[in-house]
Number of protein chains: 2
Amino acid sequence: MPVARNAPPPSEAPPGQRAVTMETVGRLAGVSQVTVSRALNDPKKVSPETLRKIQEAIAVTGYVPNALAGALASRRSKLVAALVPSLTNVVYSSMIKSLSDTMRDGHYQIMLSETGTDPAQEEELIATHLSRRPDAIVLTGIHHTANARRMLLGAGIPVVELWDITDSPIDLCVGFSHSETGRAAARYALDRGYDAAAAISAGDERALRRMSGFADLWTERTGQSVPSEVFAPSSTLADGRTGLARLVDTHGLRRGVIHCSSDVLAHGVLTEAAARGLRVPEDIAVIGFGDQDMAAHTYPALTTVRVDRSELGLQAAKAILARFEGKDIPPVTDLSFSIIARDSA
Amino acid sequence: MPVARNAPPPSEAPPGQRAVTMETVGRLAGVSQVTVSRALNDPKKVSPETLRKIQEAIAVTGYVPNALAGALASRRSKLVAALVPSLTNVVYSSMIKSLSDTMRDGHYQIMLSETGTDPAQEEELIATHLSRRPDAIVLTGIHHTANARRMLLGAGIPVVELWDITDSPIDLCVGFSHSETGRAAARYALDRGYDAAAAISAGDERALRRMSGFADLWTERTGQSVPSEVFAPSSTLADGRTGLARLVDTHGLRRGVIHCSSDVLAHGVLTEAAARGLRVPEDIAVIGFGDQDMAAHTYPALTTVRVDRSELGLQAAKAILARFEGKDIPPVTDLSFSIIARDSA
DNA sequence: CTGAAAGCGCTAACAC
DNA sequence: GTGTTAGCGCTTTCAG
């Protein structure tokens with residue numbers, strides 16, 4: 001089955017060479033095309049003998065089913081669309097991994113795309129994905145354009161809003177309250193007896209809500225304002241370092257606890273603290289968010305807010321699967337979170 | 001366009017409600033179905049007046065094209081499959097991001113899946129992806145099962161092997177020599193005057209090849225052996241810390257340069273060194289691999305091997321696009337790499 | 001257990 | 001410019 005190297009069809013022509021079809025396989029096995037279809041989708045509906053012949057024909061021809069045709073005919077694509085703000089952020093990709101692993105067990109495949117933080121771009125990607133006729137779609141967050149909502153509803157498939165929570169989901173919602181994570185962090189810091197606070201946050205809407213949760217509760221309880229540094233939506237170690245540097249150099253921060261909207265930012269703060277010879281947590285204390293793998297292994301180990309991303313992905317998958325089976329399930333799942341006390345605060 | 005909440009069709013029934021088709025849109029606009037198709041795919045072939053009417057009908061009905069049907073009829077799916085060992089490893093996802101961004105400009109969508117490090121699992125995923133009839137496929141690395149190669153060749157589409165290099169690619173290859181990165185790191189360390197070396201590596205085949213490159217050259221030049229610690233294929237900060245701990249505690253390493261198969265492992269080594277009060281690079285020096293974003297911002301800043309992952313993704317995309325246009329292009333692109341000297345070695 | 005017929009919703013010729 | 005006719009490669013339904 002050789003293929004000409006470097007001699008593809010021109011763009012106008014279809015890319016694939018004429019592929020082997022069920023028809024061909026059937027002819028070779030001496031049966032009709034439908035029988036091949038049955039052999040593949042429900043082998044017990046076919047006699048052992050013909051099944052064997054068909055499998056042989058498949059092996060000989062190197063037949064690969066055309067899922068496009070299958071999906072068109074059956075109106076079921078076995079595809080689940082998933083949209084995340086960033087492909088390179090483990091916070092999302094670890095969630096998608098667990099979603100993906102669970103859906104794979106049900107023979108569903110994930111179609112993943114990156115939306116950035118702009119709802120308009122998300123809307124565009126929703127349209128593209130919907131055109132592939134997924135059997136379900138997973139979105140990150142609860143803010144979408146009006147038009148996106150219309151399209152989603154019109155698609156008539158399960159829609160999961162992941163990684164945030166609302167009382168009025170489009171369809172299903174699996175997440176937690178971002179502002180509550182911030183408030184919980186503030187309570188923790190207060191309990192620990194810190195008497196000054198600052199915040200470093202990524203610039204996306206949810207990160208800002210986490211920060212506000214922290215700052216609001218802190219201010220309510222202490223009357224103090226909380227100086228803050230805000231960076232781009234994708235937080236980096238470098239931003240964390242810069243954040244601490246600015247807090248110290250321009251806000252005159254000398255001591256206290258710093259709330260970071262992600263573990264990566266927190267890691268950056270730890271790094272800058274080490275570079276400056278500041279002691280953690282004696283001089284400055286640090287609270288992260290996410291409980292990424294590295295959080296337990298930074299020096300000092302990072303105190304952070306754990307959200308179980310695997311569980312989020314899993315619950316989303318379970319909700320979708322339940323829907324496929326026609327089960328009536330609660331539309332919103334609040335997975336909550338917890339504070340993991342380690343050494344940095 | 002309301003949809004019943006929590007009242008989906010049972011699993012046996014098709015998931016989507018009967019969707020609006022071009023037929024419907026056409027009827028509403030007072031034209032035939034083909035005209036709608038033209039209006040969407042090549043608007044200038046349609047009179048401004050009917051175009052307007054069609055667009056209105058589309059807006060009214062909330063029509064979303066069925067790309068499944070389109071792909072089946074046109075034999076072009078506008079889909080590019082991409083398989084990576086890990087979804088959560090930035091090394092791969094940053095490459096895929098640039099691939100994805102570039103392909104999107106050509107209106108191609110990426111179908112991404114995670115293969116792990118087992119060729120058999122990769123083979124299975126190749127089959128699944130091929131059944132969706134992508135217009136091209138991108139694989140990570142150059143080692144694939146014989147059966148996978150057969151299927152790939154039989155598909156008659158461009159196949160890119162990314163992130164490694166070989167003289168005999170299945171079709172196209174964009175990457176660099178892993179063993180050479182290790183040798184280059186060893187040369188750098190020798191030039192800097194280090195007189196002892198060790199290595200920490202992830203357990204996957206390519207990481208081991210990087211380590212061997214380092215160790216082999218080091219031994220050739222100095223006659224010294226290179227003690228090493230090998231971990232699981234997915235390297236973590238924790239592994240880096242453990243690695244240094246073992247090198248020190250059980251191999252009795254007191255000084256020298258440590259080659260790490262990834263920046264994450266190297267970061268772990270820096271962390272453990274800080275925790276133990278070891279000076280970097282005076283006591284132990286560290287060389288990473290990958291030049292991730294954080295590498296320039298660790299403390300001390302990480303000396304590492306830079307591979308331009310965006311460029312790799314971009315070149316892969318360009319090669320695919322060139323193929324689509326029928327251009328005759330060189331099958332293998334060696335992107336090389338460079339040593340970035342910072343403070344850790 | 002197997003087959004024939006009728007689409008799924010679209011694009012690709014080919015007419016007019 | 002627009003419509004008609006055939007499929008694309010499957011699944012579904014109905015026969016037998």
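So you know, we letter chains A, B, ... as the sequences are listed, proteins then strands, and number each from 1.
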Quiz item: Taking it one step at a time, do B:T128 and B:S131 satisfy side-chain hydrogen bond (donor to acceptor under 3.5 Å, both in side chains)?
Solution: CA-CA 5 Å; B:T128 319; B:S131 77; over 6 Å; no
Atom-pair distance ([atom1] on [X]; [atom2] on [N]), nearest Å:
X	N	atom1	atom2	answer
B:L72	C:dC8	CG	C1'	9 Å
B:D135	C:dT11	CG	C1'	15 Å
A:K78	D:dC10	NZ	P	17 Å
B:K45	D:dG3	NZ	P	15 Å
A:L40	C:dT2	CG	P	14 Å
A:R132	C:dG9	CZ	P	17 Å
B:L68	D:dG7	CG	P	22 Å
A:K44	C:dT2	NZ	C1'	18 Å

Quiz prompt | Ionic contact status for B:E49 with B:R52, cut-off 4.0 Å | solution =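 Result for this pair is yes, salt bridge flagged.
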Given 3.5 Å as the limit, does a donor-acceptor pair link the side chain of [X] with the main chain of [Y], or not?
X	Y	answer
A:N41	A:S37	yes
A:T115	A:V84	yes
B:S77	B:R133	yes
B:S98	B:S310	yes
B:D171	B:V160	no

Exercise. State which of C:dC10, D:dC8, C:dC8 makes the closest approach to the side chain of B:T21.
Key: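 Of the candidates, C:dC10 comes closest.
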Quiz item: Of the candidate nucleotides D:dT11, D:dC8, C:dC10, which contains the atom at the shortest distance from the side chain of B:M22?
Solution: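 Nearest nucleotide to the side chain: C:dC10.
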Exercise. Tell me which residues in residues 46-55 of chain A put a heavy atom below 4.0 Å from DNA chain C, sorted by number, or none.
Key: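 Per residue number, the list reads A:V46, A:S47, A:T50.
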Exercise. Report which part of the nucleic acid A:Q33 touches: base, sugar-phosphate, or nothing (heavy-atom distance under 4.0 Å, all strands).
Key: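 It contacts base atoms.
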Quick one: do the [X] and [Y] side chains pair a donor with an acceptor below 3.5 Å?
X	Y	answer
A:E122	A:H143	no
B:H144	B:E123	no
B:S94	B:R309	yes

So does [X] get a side-chain nitrogen or oxygen closer than 4.0 Å to the phosphate oxygens (OP1/OP2) of [N]?
X	N	answer
A:S32	C:dG3	yes
A:R133	C:dC8	no
A:Y63	D:dG9	no
B:T35	D:dG3	yes
B:N66	C:dC8	no

Distances for protein N or O near nucleotides 13-16 of chain C N or O, under 3.5 Å:
none

